[in-house]
Amino acid sequence: MGSRLFVLADADSFYASCERVFHPQLMHRPIVVLSNNDGCVVSRSREAKQLGISNGLPWFKIRSQAEHDGVIARSSNYELYASLSARMMRLMASIMPDQEIYSIDECFLRGFQDPKRTRIACRFMRDTVLRGIGIPLTIATAPTRTLAKIVSHYTKHQGGGIGDWDLLKHQDPDVLDRIDVSEVWGVGRRLTRRLQGMSITTAGDLSRADPALIRHHFSVLLQRTVLELRGVPAIELDDFDAISGFRKQQIMCSRMFGHPITGLPDLSAAVSTYAQQAATRLRRQGSLTGMLTVFIATSPYSQGYQARSGSVILPDPADDPLTIARAAVSTLPHMIDPHARYVRAGVMLANLTSAASFQTFDGMDAKRDNGLGMVLDQANRKFGLQSVGIGWAGIKGKGRSKQETGAKWNMKRQRLSNRGTTRWDELCVVKAR
DNA sequence: TCTGGGGTCCTAGGACCC
DNA sequence: TCTGGGGTCCTAGGACCC
């Protein structure tokens with residue numbers, strides 16, 4: 001008794017809920033948030049779900065019906081979501097111990113020795129985040145992370161709030177047999193199909209499967225899932241760096257363009273921009289990169305789809321924006337098809353090492369940022385992303401609030417809400433009478 | 001006309017070594 | 001006809017997550 005439970009706190013329809021924080025008039029209205037370029041639906045409020053709108057639908061296909069139904073659509077506003085997420089996470093970490101941030105809208109925490117105290121803390125945490133940030137949470141407690149995920153799913157289906165595995169199990173001893181195996185954390189589409197072939201169709205079936213057999217037919221990951229469904233903790237999230245948060249092992253910056261582009265100059269500008277953004281994230285986590293990959297692709301939905309990629313091994317690990325941007329752009333002439341209409345490009349940084357522990361040998365030195373990167377980072381923090389950068393003269397100033405480049409490859413974001421927590425000129429205005 | 005953007009981990013198989 | 005047996009390291013690809 002008294003073993004500490006896993007607590008999973010997960011925001012309800014996070015992006016859609018964020019849109020409501022500074023626009024309370026959106027409460028109780030159907031909202032969808034669209035992916036970059038206003039492409040697909042990525043988040044729906046409960047009201048939008050009730051209208052039968054599912055995730056991943058292309059907006060242009062459902063737009064007329066949705067607007068007819070009174071659905072409000074927003075471009076995704078990651079700046080706002082990231083800022084609200086950080087506030088929410090800090091608040092939760094102050095209430096319960098051992099937070100592991102799992103994604104922008106969910107984290108695991110550990111309960112207290114006394115289950116009663118854990119229950120009280122969960123309730124307090126939910127009220128505090130709702131009042132202090134304006135985001136509704138679903139909170140689930142269970143002896144393993146996998147069961148906490150299941151409780152969370154189940155609780156959200158019931159309308160959200162707080163759920164507990166022991167209570168659920170007590171009310172409905174066969175609850176796992178009522179949950180499709182595809183809903184289990186770690187079981188995706190492919191595994192679902194293969195498991196069904198072995199007559200494993202529910203979470204209950206999977207929990208009763210022989211772990212050794214599962215290991216043999218699948219992998220150690222799924223074996224751990226079986227144990228977790230039985231209440232035995234087997235999954236660790238241990239790459240958490242207490243000092244700098246998550247230290248990524250790979251950094252990718254990639255975008256679909258607002259319009260297709262052709263030719264080296266435009267493509268170079270886009271790739272240079274993404275390389276600099278990736279380098280900023282690299283410096284933020286205090287890493288150096290040893291290898292960089294650039295990829296470009298035409299539309300997979302049109303004839304003659306082509307995707308190419310090229311890599312550069314850097315002679316010395318680097319975090320300086322000039323080296324990284326230059327290396328990224330240098331891959332393009334070898335890859336580019338001068339007639340192709342590209343719709344997407346990206347830059348990936350790999351072979352990351354810690355800048356702090358990088359050892360220099362004679363004749364081998366890291367291409368460390370000589371101060372330029374730091375200045376760029378500071379300027380961009382102060383004046384907004386992409387205010388200043390290397391080599392993109394002439395593409396500035398046509399975007400909203402002069403904060404985006406005016407280039408045609410820039411994302412389409414026609415329904416962007418205000419970034420009220422990160423931009424002075426987009427602060428929420430309150431009038432008192 | 002119009003279909004996202006990140007990440008992680010594991011496994012299999014090849015290269016190479018003794 | 002015969003053509004060892006391991007170990008390690010690396011990479012590509014597959015699977016999953018949100």
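Letters go in sequence order (proteins before strands), and every chain restarts at 1.
Residue R341(A) qualifies as open at atom CZ: its count of foreign heavy atoms under 6.0 Å is 12 or below. Shown here is H68(A), whose NE2 atom has no more than 12 heavy atoms of other residues, nucleotides or ligands within 6.0 Å. Heavy-atom contacts from other residues, nucleotides or ligands closer than 6.0 Å to CZ of R110(A) number more than 12. For CZ of R230(A), the number of neighbouring non-hydrogen atoms (other residues, nucleotides, ligands) closer than 6.0 Å is greater than 12.
D105(A) comes within 4.0 angstrom of sugar-phosphate atoms only, judged by non-hydrogen atoms across all strands, and of no base. Across all strands, V184(A) comes closer than 4.0 Å only to sugar-phosphate atoms, never to a base (heavy-atom distances). As judged by a 4.0 angstrom heavy-atom cut-off over every strand, R224(A) is placed among residues touching the sugar-phosphate backbone only. If you check every strand for non-hydrogen atoms under 4.0 Å, L34(A) touches nothing. Using a 4.0 Å heavy-atom distance criterion, R281(A) is classed as a sugar-phosphate-only contact. Among the atoms of the strands shown, none is found under 4.0 Å from any heavy atom of W59(A). Counting any heavy atom pair closer than 4.0 Å across all strands shown, I104(A) reaches no nucleic acid atom.
Applying salt bridge (charged side-chain N to carboxylate O under 4.0 Å, His left out) to R145(A) and the options E106(A), E100(A), E228(A) leaves one that passes, E100(A).
Using P as the reference atom, dT3(C) and dC17(B) are 24 Å apart when rounded to the nearest Å.
When the nearest nucleotides of DNA chain B are assigned to S299(A) and R255(A) by heavy-atom distance, the more 5′-ward of the two goes with S299(A). Annotation: of the two residues near DNA chain B, I251(A) and F218(A), the 5′-most nearest-nucleotide partner is I251(A).
Here Y102(A) and W185(A) bring their ring centres to under 6.0 angstrom of each other.
Contact of the R4(A) side chain with the P97(A) side chain is registered, since non-hydrogen atoms from C-beta on lie closer than 4.5 Å.
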Which dot-bracket string describes DNA chain C (Watson-Crick N1-N3 plus N6-O4 or O6-N4, or G-U N1-O2 and O6-N3, all under 3.5 Å; [ ] crossing; | other strand)?
....||||||||||||||
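Nucleotides of DNA chain C with any atom under 4.0 Å from a heavy atom of chain A span, from 5' to 3', dA15(C) to dC18(C).
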Begin from the C-alpha positions of L352(A) and I251(A) and carry the test side-chain contact (heavy atoms from CB on, under 4.5 Å) through to its verdict.
CA-CA 9 Å; L352(A) 305 193; I251(A) 290 173; 4.1 Å; yes
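Residues S272(A) and Q276(A) bring a donor and an acceptor atom of their side chains to less than 3.5 Å of each other.
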